[in-house]
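Chain letters run A, B, ... following the sequence lines, proteins first and then strands; every chain starts at 1. All values below were derived from every heavy atom in this structure, side-chain atoms included, with hydrogens, water molecules and symmetry-related copies excluded.
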Amino acid sequence: MRGGQGTTRAPVLQFTNCRILRGGALLREDLWVREGRILDPEKLFFDERRVADEQRDCGGCILAPGFIDVQINGGFGVDFSKTTENVGSGVALVAQRILSHGVTSFCPTLVTSPPEIYHKVLPQIPVKSGGPHGAGVLGVHLEGPFISQEKRGAHPEAHLRSFEARAFHDVLATYGPLDNVRIVTLAPELGRSHEVIQALTAQGICVSLGHSVADLQAAEEAVQSGATFITHLFNAMLPFHHRDPGIVGLLTSDRLPPGRCIFYGMIADGIHTNPAALRIAYRAHPQGLVLVTDAVPALGLGNGRHTLGQQDVEVDGLTAYVAGTKTLCGSIAPMDVCVRHFLQATGCSVEAALEAASLHPAQLLGLEKSKGSLDFGADAGEAPRRRDPAKGWVRAQTLWCLMTPSESRPPTSPVSWCGRRRKPGYNQGLRLERMPGPSWTLTWRAVGGAGLQRASWDPPSRWALPEPQVTLEAVTWINVQPAGLTLSLGVACRAAYPGLH
Amino acid sequence: MRLVILDNYDLASEWAAKYICNRIIQFKPGQDRYFTLGLPTGSTPLGCYKKLIEYHKSGDLSFKYVKTFNMDEYVGLPRNHPESYHSYMWNNFFKHIDIDPNNAHILDGNAADLQAECDAFEKKIKEAGGIDLFVGGMGPDGHIAFNEPGASLVSRTRLKTLIYSKVPTMALTVGVGTVMDAREVMILITGAHKAFALYKAIEEGVNHMWTVSAFQQHPRTIFVCDEDATLELRVKTVKYFKGLMHVHNKLVDPLHSMKEGN
């Protein structure tokens, strides 16, 4: 009979009163963590004869693996594609802020840019482990410049390139050293793409198809050469056609290499894809769906004009357009909003929605042994000590406690959002109430004894007529000024116009 | 013997759990005074374990000063295999309660020297001061643990070959004699498929073909059954023991609690 001295004396942490996502199901189980790894408690009991050193009550929450965002262009004012003096600190800022969205690993994404930008920025974004300081960097996602001119979307035409001349050498000349690169999005119809795809795959880089006018055959050949991902399905590619499904047809193609699962990114913010299209894709190939934010630097900021890559964008609510046009240029919905919207739009199980943001991206990148799941031995990181153990929420590297806010209520009754996040300046007891008419009023109790605050909010003017039925879907972000006296709110709403369909 | 007959499986499980709970609490276990419990596996005791976990979760029962000894374990099965008895005990009992891992003893079916493991187990029981209450089940052929028909009624913990099992083929099991050494024995028997074996065990003689019959010679045995398990007994036997239920129920009512002031 062994005592506990043989193995490590590092403290064992036990999360109780929770449901954990494991093996595709939400189980009523405790989660055990030691030294940054998920622990098998049965082994601990019988082999080491030990119990937990510390227990944390999760209050009935769901414990989900940290979300992995493989397409994010920036956020909170930081633009990964824009060269600044200190790219590293910009990445670190985004990494720290997206933790509160549940993202614990991400791939900073660079849009089409001139080679000088790649040469300057790429070496400054090394792969980095996450922790309480911020989400981990898994590697850079290079979206462009080897993409279709016709489907460039928001990418600047001037910097598009091809690799017809020297294939992989052109790629290296454009990007520079590929050490920090994890994913490359390219258009397979470009000449010599097969050589490039094979060379990139041989280096362990994931190749994704996107911003392309390829037909299904070209797409299938690209997958046979090694491509494994589709960048934001439906967007920036040929629409599905019943005689030539294009890249979308990969979801149900029977010409893929045996055993290969094709993954596809979807932006489930309610704007980039109609929920019906989301459902079609999901029902056709549920195991391959990867939720991405494709977030732009305006993520986390308010309405107005901001910069993305070499262009300006205009933000209004949850939509971001290329300034002066109607072209969408990325979303500003945080990952947890995407998960919730996806859950609601497809009617899938909570487990499936969580896996779409955690397990599937981990499988895409070949990391499923250590990330994207709560299996024994997976990374768990250090759970930081919280100031107030009775409140707040558990946050560790790949461990995230999903607080389910109260359901949206019909517009006539008050909606209170019980996000129990505690940051300096955050407030308790936010209540959003519908007044007679289209206005909403927001009340909250400010910290520091400033008392009850009230503000009113009108839905955007384009909903003003006829009077729509506005249903509050989710509070997407909150920005609080010092002392909590000024509060701006992002809300996702659904407006139904009676008599119109 | 006491034959306690309840209407159905749930009530039988509850009665058994209450009895165990009361026995532990009335024993007043403490730092130098551990209550030793023998435990079974299988489908029969699941309801009883659930109830005990309930009492623990509501704060009425603590296993801090309880030592447990399981009856058996398969040989050669990895400890974390879902069919192993280690897994069974962890998932169905240990992970929900506050027992000290050092006090939960289960035979190790992967030990290098199996007979030495059995001898060591017997020694551990002795060092713990013997077993206060051994809870067991009974198979449809009247066996207890892996003491199949023909097993010696004075047997000790040892290696047994299994004939009804394809894989694994061997198991370590306490002997009938080991269980007879306990100060009290409680056998849980539920379901019509056990009825004939129960008849053989208590209405016929002591016979090594129905090894549970050995407990006719134990000074303190309780058989806890549901109605279906009594289907092969004489009406007279059933009526007699049902008539004693008011006496039996005094053992579980009032249900004690470890909470303060109770």
Margin query: Which label fits B:His86 and A:Phe46: parallel for a plane angle under 30°, tilted from 30 to 60°, or perpendicular past 60°?
Written below: perpendicular
Check: Roughly how far apart are A:Leu44 CG and B:Lys95 NZ, rounded to 0.5 Å?
Finding: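 Result: 13.5 Å between the selected atoms.
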Note to self: How long is the straight-line distance from CG of B:Asp100 back to CZ of A:Phe45, given to the nearest 0.5 Å?
What the structure shows: 8.0 Å
Heavy-atom count around [X] [atom1] within 6.0 Å, excluding the residue itself: above 12?
| X | atom1 | result |
| --- | --- | --- |
| A:Lys128 | NZ | no |
| B:Glu83 | CD | no |
| B:Arg183 | CZ | yes |
| B:Lys64 | NZ | no |

Next item on the list: Tell me, for B:Ala104 versus chain A, whether the close heavy atoms (under 4.5 Å) come from the side chain, the backbone, both or neither.
Entry: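 It is both, since atoms from each part get that close.
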Next item on the list: Would you name the heavy atoms of B:Asn80 and A:Glu42 that are closest together and state the gap between them?
Entry: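 In terms of heavy atoms, the two residues are closest at CA-OE2, 4.1 Å.
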